[in-house]
Amino acid sequence: MHIGKPAACPNCHQRVRMVAAHRLDNVTSRSAFLIESGPQRVGELIFLLGDQTISVGKSADANLSFRSADVSRVHCYLRAGSHGWRIEDNDSTNGLFVNGRRVNGHNLLNGDSVGVGAFVLRYMSDIPAATLTESEQRVATEMSGDSSGGHMIELVGAAAATADVGHADSAGDDSDGSGLLNLLSDDIFVDEGKTIDVPAPPSSNTQDKDGPTCPSCKRQLPARAKICVRCGINVETGRQIITSQDTNLNEIYGIAEKTIWWISWVSWLGVYPIASEAFGLKKPIVIRTIAVVTILISGWFLWLELSFSDSMIRHKNLMLWSGDGEIDPDTLVAYYYGTSWGDTEAFDNQLELSADSDLNEDERILAAHNAIPKDRQAIGQFRASQLVTHAFLHGGIFHLLGNLLFLMVFGSRVNALIGPLLTVIVYPVLAIGAGLAHAMSCADQMASPMLGASGAIMGLAGMYFVFFPAHNVHVAAWWRWGIIRWFELSMTIFTVRGFWVVLFYIAFDVAFTIIGAEDGVAHWAHLGGFIVGIAVGVILLLARLVNARGGDLISVILGRRAWALLGRPGYAGDDE
């Protein structure tokens with residue numbers, strides 16, 4: 001039942017996974033892969049189980065799935081044999097590499113380095129060298145430095161040290177490699193929003209005496225310890241080990257690829273975040289609720305507008321109206337005849353009444369507009385409630401979908417960290433900050449409406465920038481070629497640090513604001529929301545209402561010097 005699911009070793013907290021092509025009644029393993037480098041999952045230990053062929057590729061249906069653009073859907077196969085596993089290429093686009101050489105097939109030996117796309121895997125096996133041929137023994141000796149076999153558990157400990165998660169010296173001595181597997185149980189399998197809180201294994205007094213002292217909790221640690229498990233910090237640097245969200249990337253990548261295939265026919269070029277590894281203990285219920293409410297209200301508002309409903313005369317004031325500068329008669333006419341927001345019949349009647357006057361055409365239009373009661377005019381009036389209501393309205397389907405994507409990627413992670421109560425309070429504050437920034441930027445312009453959640457969402461991005469700058473964000477980029485390549489779709493999904501993603505998008509608002517571009521986008525609302533979001537995030541950290549586990553901007557910059565501001569690290573967040 002655990003086949004294919006990620007788990008964590010209860011001793012060293014290293015990420016492990018069991019892979020097989022079929023359900024197993026008895027779980028034993030004599031071979032494994034360690035992911036030494038790649039776009040994600042570095043340090044993960046993958047146990048190879050069963051006696052049936054294991055498929056490897058980026059397809060969600062593959063037994064061992066690696067989500068990367070340079071990995072084919074079924075890249076290669078692992079075939080079980082009496083002497084271990086054999087890996088065979090499946091005519092993959094970028095080829096299969098073993099120990100730096102491209103191969104069609106290879107009988108894997110302990111220590112072999114396997115390249116699958118951008119992933120580099122180290123093969124480990126405890127199959128005795130006596131069962132191998134003479135040439136295989138020679139290669140195994142060169143790779144491992146010992147021809148006696150039985151290095152599985154030793155390499156597991158080395159893998160843990162490589163991954164910076166501790167030392168797995170108590171993983172077990174079973175010669176069949178099942179010691180670590182037997183420690184895995186239902187209650188420690190990683191689920192979304194859950195953490196594993198396992199105390200460090202007891203150590204002897206001799207080890208305690210010789211070991212380092214944790215700079216945070218002052219506990220004496222075992223000899224050669226590099227991590228204080230209680231505080232989650234590197235004892236040499238004082239920096240906390242960043243905790244990442246365990247996300248089903250295979251499913252997310254699969255959905256993204258299918259969705260982008262359709263969207264790319266409308267939007268030929270795009271760069272959008274699709275997932276974040278930022279960690280949080282709470283379910284993002286508030287953000288999900290906000291998303292549902294936004295969809296319902298935006299859909300209702302769009303229907304009223306597209307159906308030219310007379311009720312838009314009242315509901316237009318749900319948008320944020322700002323500006324009291326000189327009115328442009330041409331724009332004024334467009335408000336009456338280009339939308340259903342005003343009383344066009346009354347406007348026509350007033351124009352006819354002023355036809356014989358000495359006023360010119362522009363003056364007649366303004367006079368006709370001013371003669372209509374304000375609640376019937378095409379131009380709305382500012383109301384304080386609009387600073388919040390505008391964030392639940394959108395001007396089109398793609399406007400809505402784009403904002404919802406950013407809301408779920410960034411907002412859900414912020415919600416998962418700060419909890420539901422703070423999210424309920426913070427979201428309207430961010431919307432108000434964005435609305436005020438936009439209103440001030442339009443103070444000397446003709447009154448015009450603004451709608452959309454992007455300002456509030458950029459506020460959540462600002463909070464994300466403060467809380468999770470070093471966590472990975474998965475980004476999809478695509479380009480649909482024109483007729484020159486028969487509309488071929490080029491697409492890639494890659495990972496980048498969160499702060500680069502946020503800065504990438506806010507840079508457009510800064511640039512467009514500097515050059516004064518008029519592209520119909522409320523750039524000042526984005527900037528205002530972002531600045532308010534950064535301020536709110538810093539305040540929550542300094543007030544110690546939020547514990548970002550050392551992954552926040554202040555801790556990343558200051559290291560252990562941030563403890564005076566944020567408190568000492570620890571599971572309970574105490575500051576003794």
Sidechain-backbone polar pair: T331 side chain, I327 backbone, donor-acceptor under 3.5 Å: no

Donor-acceptor under 3.5 Å (S298 side chain, F392 main chain): yes

Salt bridge (Lys or Arg N to Asp or Glu O under 4.0 Å) against E257, all qualifying residues, sequence neighbours excluded: R67

Test side-chain hydrogen bond (donor to acceptor under 3.5 Å, both in side chains) applied to W500 - qualifying residues, sequence neighbours left out: none

Please check if the side chain of H390 supplies one atom and the backbone of Q386 the other of a donor-acceptor pair under 3.5 Å. yes

Checking side-chain polar atoms at under 3.5 Å, does N415 have a donor or acceptor matched by the opposite partner on S412? no

Just verifying a value: how many Å separate M408 CE and I457 CD1, rounded to the nearest 0.5 Å? 10.5 Å

For A278, check side chain to side chain contact (heavy atoms under 4.5 Å, CB included) against everything at least two apart and list the hits. S276, R413, Y464, F468, H471

By side chain to side chain contact (heavy atoms under 4.5 Å, CB included) - contacts of N90 (at least two apart): V74, Y77

T93 backbone acceptor or donor facing S72 side chain under 3.5 Å: yes

Can you classify the ring geometry of W479 versus W481 as parallel (below 30°), tilted (30 to 60°) or perpendicular (above 60°)? perpendicular

Charged tip of R383 within 45° of W321 ring normal and under 6.0 Å: no

Side chain H399, main chain G395, donor-acceptor under 3.5 Å: yes

Looking at W341, does the NZ or CZ of R376 lie under 6.0 angstrom from its six-membered ring centre and within 45 degrees of the ring axis? no

Going by salt bridge (Lys or Arg N to Asp or Glu O under 4.0 Å), name the residues that satisfy it together with E345, two or more places apart in sequence or in a different chain. none

Below 4.5 Å, heavy atoms only, C-beta onward: do H369 and Y335 meet side chain to side chain? no

Does I397 CD1 have over 12 foreign heavy atoms under 6.0 Å away? no

Hey, does the side chain of R15 reach the backbone of P6 with a donor-acceptor pair shorter than 3.5 angstrom? no

Please identify each residue that fulfils salt bridge (Lys or Arg N to Asp or Glu O under 4.0 Å) with D509, with sequence neighbours left out. none

Tell me the side-chain hydrogen bond (donor to acceptor under 3.5 Å, both in side chains) pairs involving residues 434-448, sequence neighbours left out? none

Could you list all the ring-ring contact (aromatic ring centres under 6.0 Å, His included) pairs where at least one residue sits in residues 512-545, not counting sequence neighbours? F512-H523

Here the ring-ring contact (aromatic ring centres under 6.0 Å, His included) pairs for residues 291-316, sequence neighbours left out, are W300-H315

Residues which pass side chain to side chain contact (heavy atoms under 4.5 Å, CB included) with D61, listed by chain and number, not counting sequence neighbours: S59

May I ask you to check whether S307 and S309 show a side-chain donor-acceptor distance below 3.5 Å? no

Note: Q240 and P569 closest approach over all heavy atoms is CD-CB, 3.2 Å

R561: which residues meet the salt bridge (Lys or Arg N to Asp or Glu O under 4.0 Å) condition with it, sequence neighbours left out? none

Who passes ring-ring contact (aromatic ring centres under 6.0 Å, His included) against W268, sequence neighbours left out? F487

